*Asks:* 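Before I ask anything, let me first share the structure, which is written out below as structure tokens.
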Amino acid sequence: MKNLNLGLAIPAIVTVLFILLVSSLYPEQAQGLAGNAMTFVTDWFGWLVQLSSLALVGFLLWLAFSKYGNIRLGDDKPEYSNFSYGGMIFTAGVGASLIYWGIGEPMYYLQSPPLFAEANSYSAAAWSVTYSIFHWGITGWAIYCFPAIPFAYAFYVKKQRTLKLSTLCEPVLGRNKLIAKCIDLLAIFGTLSAFASSLALTVTLLSAGAAQLLGVENNLVLQGSIILLFVLVLFAVTLVGFNRGINKVSDYTVISAIIFALFVLFSSNVQFILNNFTDSLGVMLDSFFRMSLWTDPVQQSGFPQAWTQYYWFWYYAYLIMMGLFITRISRGRTIREVILYSISMGSLGCAFFISIFGGYAVWAQLLGGVSNPRLDG
């Protein structure tokens, strides 16, 4: 409790509770207000987010291979093995949403494809897994990684013990208490919003699956039980400690997920999935800059705003939390290692799962008999 900043915590908690209360009492109005706010942000600032995110990828790659990439964060040896380090980064950045959207996103793109392709066409099929891998790829993981570099440098090299976003902004903005508090509150709200949306999606997904498997009703009691289970597991892991808790849970989760994905791969059409992944990778490499900067100003389909820009905003909302977590596990690593591991392990892990689950979904939809829409040439 002595390290708790009450001047920051109390206003944040009160404001969040107030927003939750108002949203609960007026759900339709709150949803409409959130939708209008999202439309305003994407219409006026979406282009800036796309440009900045692409520039961020270039900056981090330059930093990794520059002389600054050799800077070691602390004097100790790396605390975790390469497998555990990469696994913790990956599992911290994704969750059940990867499985959900790994299947759902390619299916959506088949019906409402990007870049002027016809629905249920060969072009739509080519873009389906490609765009999913892109949205879960290097740009998002670069956003996650970016704050970890100044956080880790300040903590392990400069020996600062206050890791707040406002502290890192002091050299630019100066020591203004009001501005500092606003920055920290904004970081808290962004993290809470992103976490709440992720938790809601995860709980909904798990409750639907549990209701189907157990033959029970998918209601608030079941969803509340799942949330309670999350809290109990998190509490247990915290009590065990970081090294024996989160580290081990991450290792077991990654191994179990890989086994499950390989089971799906070899239980389905392996040939199609492998060929489709190779083709999707080629399409993404060929069109990476086009996808990164496509805003569709003429046709105004809304695809870049509803998907690409939404994803990038989501990553930015998690930016502080992921930056602090990567900082915690990066002692003894060089800046180059932090950047390359964060970007590569995250994006490759997502590509692995999306190519299998998304590839299977595309095969089942177009060729496997689940549905057989007429393809155009």
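In what follows, every heavy atom counts, from backbone to side chain, and hydrogens, waters and symmetry copies are set aside. Residues take their numbers from the sequence shown, with the count starting at 1. In this text, all values refer to a predicted model and were calculated from it rather than measured experimentally.
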*Asks:* Quick one: sort the Tyr68 and Trp62 rings into parallel, tilted or perpendicular, breaks at 30° and 60°.
*Replies:* tilted
*Asks:* Quick one: are Thr139 and Phe288 in side-chain contact, heavy atoms under 4.5 Å?
*Replies:* yes
*Asks:* Is a side-chain donor-acceptor pair under 3.5 Å present for Tyr315 with Trp141?
*Replies:* no
*Asks:* Is there side-chain contact between Phe272 and Tyr360, with at least one heavy-atom pair below 4.5 Å?
*Replies:* no
*Asks:* Any non-hydrogen side-chain atom of Ile343 less than 4.5 Å from a side-chain atom of Tyr144?
*Replies:* no
*Asks:* Could you check whether any side-chain heavy atom of Met88 comes within less than 4.5 Å of a side-chain heavy atom of Val254, counting everything from C-beta outward?
*Replies:* no
*Asks:* Using 30° and 60° as the class limits, which term best fits the ring planes of Tyr108 and Trp307: parallel, tilted or perpendicular?
*Replies:* tilted
*Asks:* So, do Ile179 and Ser166 sit near enough that their side-chain heavy atoms are less than 4.5 Å apart?
*Replies:* no
*Asks:* Is it the case that Ser250 and Thr91 place a side-chain donor and acceptor less than 3.5 Å from each other?
*Replies:* yes
*Asks:* Is there a side-chain contact between Phe151 and Phe155, using heavy atoms and a 4.5 Å cut-off?
*Replies:* no
*Asks:* Kindly indicate, with the supporting measurements, whether the criterion side chain to side chain contact (heavy atoms under 4.5 Å, CB included) is fulfilled by Lys158 and Tyr153.
*Replies:* CA-CA 6 Å; Lys158 294 295 186 179; Tyr153 184 81; 3.6 Å; yes
*Asks:* Under a 4.5 Å cut-off applied to non-hydrogen side-chain atoms, are Phe289 and Leu54 in contact?
*Replies:* yes
*Asks:* Report yes or no: do Ser330 and Tyr85 form a side-chain donor-acceptor pair below 3.5 Å?
*Replies:* yes
*Asks:* Considering non-hydrogen atoms only, spot the tightest contact between Trp127 and Ala117 and give its length.
*Replies:* CD1-CB, 4.2 Å
*Asks:* Are Asp43 and Gln305 linked by a side-chain donor-acceptor pair shorter than 3.5 Å?
*Replies:* no
*Asks:* Among side-chain atoms of Ser84 and Ser81, is any donor-acceptor pair under 3.5 angstrom?
*Replies:* yes
*Asks:* Under the criterion ring-ring contact (aromatic ring centres under 6.0 Å, His included), which of Phe277, Phe263, Phe260, Trp136 is the partner of Phe357?
*Replies:* Phe260
*Asks:* Measure centre to centre between the rings of Tyr131 and Trp101, then say whether the value is under 6.0 Å.
*Replies:* no
*Asks:* Heavy atoms, side chains only, cut-off 4.5 Å: are Leu73 and Arg331 in contact?
*Replies:* no
